[in-house]
Each structure stands twice: as structure tokens, then as C-alpha cells.
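Keep in mind it's a predicted model, so treat the numbers as computed, not measured. Throughout, protein chains are lettered first and strands after them, A, B, ... in sequence-line order, and every chain is numbered starting at 1.
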Protein chains: 2
Amino acid sequence: MNRPAYTVEDVVKLLGVTPRTLHYYEEVGLLEPAARTQGGHRLYGEDTLERLHHILRLKDALGYSLQEIKSILDTEYALDKLKAKYKNNQSAENRDSILEESILEESIRLLEEVLQRVDDKLSRLQTVQKNIRDRLEKIQALRDRTTTTKSHS
Amino acid sequence: MNRPAYTVEDVVKLLGVTPRTLHYYEEVGLLEPAARTQGGHRLYGEDTLERLHHILRLKDALGYSLQEIKSILDTEYALDKLKAKYKNNQSAENRDSILEESILEESIRLLEEVLQRVDDKLSRLQTVQKNIRDRLEKIQALRDRTTTTKSHS
DNA sequence: CATCAAGTGTACGTTGACGTTAGATATGGA
DNA sequence: TCCATATCTAACGTCAACGTACACTTGATG
């Protein structure tokens, strides 16, 4: 699975990052080491593309540091593994369900924390938006008054 | 005007920044050089406090760089000056109204640009919010299933 | 199959936003 | 007046997030 393999050049063009950024993200553990050609060139799968896209959104839109993003993604990754495990274990024995449940609770807690921060940021951003909008309206009114004055003079 | 003068220590305690940050912001032109005591110590007025507060909101909540913040504040400052000028000139001669109008138009353009950027950021942020919310709901559903299973076993 | 843009690892350079240190004043209370 | 802080300027240090240069392979294309 993941047949549609993307080369570095592809990713660069698709997501607007530089090769160096890809290397760096791999270096700090944000991106999985990626598959390689027998010559050593990197090949990325659809999932990695998704992940990178997610990373960029978190970075640009939220201003998170790569460290914070890493912790968020690590959580989500743990969740994915957990979900997979749950599906396989559906009718199997669940001797360590307590452990899994605690991981689940912890994950929920982390996700809620992230969501809380996003919500906060959103409301502050909306405040700023309102401020700017008010300012703009006043200025536009000022302009309208000015041009009106002018046309009647 | 601006009698309630704040010392560096006051600002530090009120807004939670370090003295170095104040110096730095002044260095890059984000803060007006502030008044000084005869000994050279800085004194800030209410307006500077407001401005700094604004700067911190833009930085923390929006993740703007100091450069971007500077350009935004410069725009707003120009607008304030313009509005004051307009008020004074209301019934006076307005020989250079054309010049002022062009400044007005330019200011509106700049403000619209800023607003556009904020709107963009908002929509991206909402996308992220939705993603996280979806994830969280799925996980919670998973937990509910798990606990249900457990209580009936 | 020759070529040459593109990719690789390694490593040092850069930029933004301050932190930290040093050595010399200033300030406000006892 | 004297002293403990607090501030000043100037300069170097730091950390994250890449940029850039180098000497060297890869792999698509004419």
C-alpha cells in the first residue's frame, strides 16, 4: 500500500517546501525516514504527504514550534496504533485492556488540551479581526465623508 | 498628557516581559523611545503600555513576526495621524486634500491587506479545529465502546 | 551511454528574538 | 548621606529553523 510514491522534487512542488526542510524534519523526527531507492534517494508515500501537510498547517496557522508539533503528532500516531490494535483485538482476548484504556484516556486528555489551545487562539484571533474590521469601517466612512465633501465643493 | 508614568519594573510586572525585550523592541523601532528621567532611565506612558499590549497580542495570538507587527502598527499609526489631521482641518482650508486622500486610500488598502491575512489565518485555524474535533469525537466514541464492552463483560 | 540537473550526507553560516554578562550610573528608602 | 537595588549601554551568547556550500552519486533524457 502507498504505491503512489513521491520524489523529493514532487513534494517540493506540491507543498512548497525546500529539500532542506524535508531533511531537517526527518532529522528531528517529524517525518518518518521515508523509503529509499536502491541508490538512496528518498521516496514518500501518500500518508507522509498528509502528515507533512498537517505539520505545515500546525506551523503556519497556529505558530506551533516543531517541538510542540512533534508531541501532538506523536500522540496522534499512538492513537492510530491503538485504533488498529483495537480493531484486531475486537473479538480477541484483551488481557491488557486497562493499560490501553489509560493510554486512551491520556490521549483524549492531550487532544482536548490541544483543542483548548486552538479554541483560545481562535477567539483571540476573532477579537483581532473585529478590531481591524471596525478600524477599516471607520476609515472607509471617513473616506466617504471626504469624497462627498469634495464632490459638493 | 500621559502623566501616569510607568518605570521599566512596572511594565515588566504588568505585562510579563523582560527589560531586555523592552530594549529590543525599542531597538527595532516597535516602541517609541519613551521619555527619560534626567538620569536616563526610561518612563513609559499609558499609550505605550497599550501599544505594547497590542504587540504582544499580535505576537502570541497570531504568531506574527516583529517585522510584520511593525508594518501593521506603522499603518495604524499613520491612520491615527491622518484622522487627527482631518479633525483639525474640518472647516479649515484643505489645499492638499488630494494628497491626504491618496494617503487615505493607501491606508485602506493596507488595512484590507492585514484583514485579508487575518481572515486567511482564521479559516486555516478553523480547518485545524475541525480536524481535531473530529479526531477527538472518534476517540471518545472508541472509549465509550471500550468501557461499554468492559462493563458488560 | 554520456551528461547533467537533482539528490545525498556533512558541516558550517544565518536570521530572529531575545538572554546574559560587565562595568558604570541612578534611584528610593533607612 | 549611604547603600541595596534597579537601569543604563554595549557587546557577545544562544536556540530554533532552516540556508548554503561541497564533494560526490543517481537517474532521466537526448
Any Thr37(B) side-chain N or O less than 4.0 Å from OP1/OP2 of dT25(C) = no
Arg36(A) and Glu26(A): salt bridge (Lys or Arg N to Asp or Glu O under 4.0 Å), yes or no, with the steps?
-> CA-CA 13 Å; Arg36(A) 302 291 184 118; Glu26(A) 192 172 319; 3.5 Å; yes
Rounded off to whole Å, could you give me the CD-to-C1' distance for the Gln38(A) and dT25(D) pair?
-> 12 Å
For nucleotides 1-5 of chain C, which of its nitrogen or oxygen atoms have a protein nitrogen or oxygen under 3.5 Å away, and what is each distance?
none

Examine distances only and state if a side-chain atom of Thr7(B) and a backbone atom of Asp10(B) form a donor-acceptor pair shorter than 3.5 Å.
-> no
For Leu115(B), side chain to side chain contact (heavy atoms under 4.5 Å, CB included) partners two or more places apart | Gln129(A), Ile132(A), Arg133(A), Leu136(A), Asp119(B)
State which residues pass side chain to side chain contact (heavy atoms under 4.5 Å, CB included) with Ser123(B); sequence neighbours excluded, sorted by chain then number.
-> none
Tabulate below the donor-acceptor pairs under 3.5 Å that side-chain atoms of residues 50-61 of chain A make, not counting sequence neighbours, or state none.
from, atom 1, to, atom 2, distance (Å)
Arg51(A), NE, Leu30(A), O, 2.9
Arg51(A), NH2, Leu30(A), O, 3.2

Given side chains that start at C-beta, do those of Arg117(A) and Glu68(A) come closer than 4.5 Å, heavy atoms only?
-> yes
With sequence neighbours excluded, residues passing side chain to side chain donor-acceptor pair (under 3.5 Å) with Glu27(A) = none
Given protein heavy atoms under 4.0 Å, the one-letter contact record of nucleotides 5-15 of chain D, with B base, S sugar-phosphate only and - none, is simply --SSB------
Could you pull out all residues at least two apart from Gln67(B) that satisfy side chain to side chain contact (heavy atoms under 4.5 Å, CB included)?
-> Ser65(B)
Counting only non-hydrogen atoms, which of residues 48-57 of chain B are less than 4.0 Å from DNA chain C?
-> none
Do the side chains of Val12(B) and Thr18(B) get nearer than 4.5 Å, heavy atoms only?
-> no
Hey, are the side chains of Val11(B) and Leu14(B) touching, using non-hydrogen atoms and a 4.5 Å cut-off?
-> no
Do you see a donor-acceptor pair shorter than 3.5 Å between the side chains of Glu46(A) and Tyr6(A)?
-> yes
Results of side chain to side chain contact (heavy atoms under 4.5 Å, CB included) for Ser71(B) - residues two or more places apart only | none
Can you tell me the distance, in whole Å, between the CG atom of Leu22(A) and the P atom of dA17(D)?
-> 16 Å
Which pairs, protein N/O on one side and nucleotides 28-30 of chain C N/O on the other, fall under 3.5 Å?
none

Show me the protein contacts with nucleotides 14-17 of chain C, counting only N or O atoms at under 3.5 Å.
from, atom 1, to, atom 2, distance (Å)
dA17(C), OP1, Leu66(B), N, 2.9

Kindly indicate whether a cation-pi arrangement holds for Lys121(A) with Tyr64(A), taking the cut-offs as under 6.0 Å to the six-membered ring centre and within 45° of the axis.
-> yes
With sequence neighbours left out, write down each residue that passes side chain to side chain donor-acceptor pair (under 3.5 Å) with Gln116(B), or none if nothing qualifies.
-> Asp120(B)
Please determine which of Glu113(A), Glu105(A), Glu112(A) meets the salt bridge (Lys or Arg N to Asp or Glu O under 4.0 Å) test together with Arg109(A).
-> Glu113(A)
